[in-house]
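Written out below as structure tokens is the structure these notes cover.
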2 protein chains.
Amino acid sequence: MVTTRSESVLDGNPYRADCPSRRILDRIGDRWTVLIVGALHDGDVRFSELRRRIEGISQKMLTQTLRGLERDGLVRRTVHPEVPVRVEYSLTEAGRTLREPLRALEEWSIAHLGDVSVSQDAYDGADGPPPAAAERP
Amino acid sequence: MVTTRSESVLDGNPYRADCPSRRILDRIGDRWTVLIVGALHDGDVRFSELRRRIEGISQKMLTQTLRGLERDGLVRRTVHPEVPVRVEYSLTEAGRTLREPLRALEEWSIAHLGDVSVSQDAYDGADGPPPAAAERP
DNA sequence: CTGTATCCGCATGGATACTG
DNA sequence: CAGTATCCATGCGGATACAG
């Protein structure tokens with residue numbers, strides 16, 4: 001159900017600690033959540049497989065982020081009590097619905113990153129450096 | 001526009017430092033960017049007015065975040081050389097297009113925050129992590 | 001295999017003082 | 001009015017060691 005209350009900060013409403021924008025960004029704004037949601041797109045995935053899919057993630061952050069997603073009801077955790085214990089993760093229905101808005105964001109990103117890089121170069125006054133090469137004085 | 005299927009992490013592609021998801025999240029994942037984009041929805045807004053609209057933001061973070069958005073070409077900065085100097089900010093065309101995917105995310109948030117809270121309560125209340133209170137296949 | 005526990009560097013961002 | 005500069009608390013996230 002969708003409340004039609006217009007508290008949208010995108011319409012210029014004042015910030016509140018509990019506003020939807022802040023809540024959702026607190027959730028997906030971290031380094032790994034979106035990547036985990038992506039890595040879980042095709043059903044049950046084991047912990048170790050997840051580690052392999054998400055290159056660069058540490059064990060700690062994978063566990064920690066999965067716990068957060070599970071707590072939010074976006075990810076389901078299934079333990080198979082076998083000899084070497086097997087744990088599989090998958091998106092819940094709610095988790096799957098999150099992929100839509102995330103995809104919209106990603107498509108915006110893909111469509112505009114080029115322009116953004118150009119703008120950054122112009123802003124920095126760089127006349128030659130390749131994009132993504134950031135210099136910090 | 002642009003065909004977007006190259007390397008979407010939402011389709012399970014491996015993480016790379018320059019992947020769109022990471023880039024976009026680095027951009028909007030901070031505490032204030034989305035709120036500023038929202039506060040700029042209705043045209044030219046002065047710095048002081050922006051501070052008033054975004055309750056709780058510090059002067060430093062407002063300036064810093066605006067600089068980042070300007071550098072990315074999402075916000076335009078206009079200085080009016082009057083006696084008390086007047087500076088106005090507005091969204092560029094690119095900045096305006098960002099509102100669409102942000103709105104999608106916010107609407108997801110509004111639609112699901114209730115379920116998320118329920119799931120969190122169940123998770124926190126239960127002895128063991130697996131609640132299975134919010135979802136079933 | 002799937003975690004938990006601990007230490008710790010570093011970036012984020014808040015508070016404050018100062019400037020043009 | 002619209003910043004800039006500086007100090008500093010907090011917490012994210014990486015590395016490592018250990019456990020069920």
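Order of the sequence lines sets the chain letters (A, B, ...), proteins ahead of strands, with each chain counted from 1. A quick note: this is a predicted structure, and the numbers were derived from the prediction, not measured.
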Output the single nucleotide from [options] whose closest atom is nearest the side chain of [X].
X	options	result
A/Lys60	C/dG14, D/dT4, C/dA5	C/dA5
A/Pro84	C/dC1, C/dG13, D/dG14	C/dC1
B/Ser58	C/dT2, C/dG14, C/dA17	C/dG14
A/Val87	C/dT2, D/dG14, C/dG13	C/dT2
B/Arg67	D/dA17, D/dA2, D/dT4	D/dT4
A/Gln59	D/dA2, D/dA17, D/dG14	D/dA17
A/Arg77	C/dT2, D/dG13, C/dT4	C/dT2
B/Val85	D/dA5, C/dG3, C/dG20	C/dG20

Between C/dG14 (P) and B/Ile57 (CD1): distance, integer Å |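 For the pair B/Ile57 CD1 and C/dG14 P, the rounded distance is 8 Å.
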Roughly how many Å is it from CG in A/Asp26 to P in C/dT12, rounded to a whole number?
->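 About 16 Å, once rounded to whole Å.
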Quick one: is [X] getting a side-chain N or O under 4.0 Å of the [N] phosphate, OP1 or OP2?
X	N	result
B/Tyr89	D/dG3	yes
B/Arg86	D/dA2	no
B/Arg51	D/dA2	no
A/Thr63	C/dT2	no

A/Ser8 versus B/Glu106, side-chain donor and acceptor atoms under 3.5 Å =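 Yes.
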Step by step, would you call B/Arg51 with B/Glu49 a salt bridge (charged side-chain N to carboxylate O under 4.0 Å, His left out)?
-> CA-CA 5 Å; B/Arg51 275 190 82 177; B/Glu49 170 65 15; over 6 Å; no
Non-hydrogen atoms of B/Leu91 and B/Arg96 that approach each other most closely =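 Looking at all heavy atoms of both residues, the closest pair is O-NH1, 3.1 Å.
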B/Glu100 and B/Arg103 ion-paired at < 4.0 Å =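 No salt bridge links B/Glu100 with B/Arg103.
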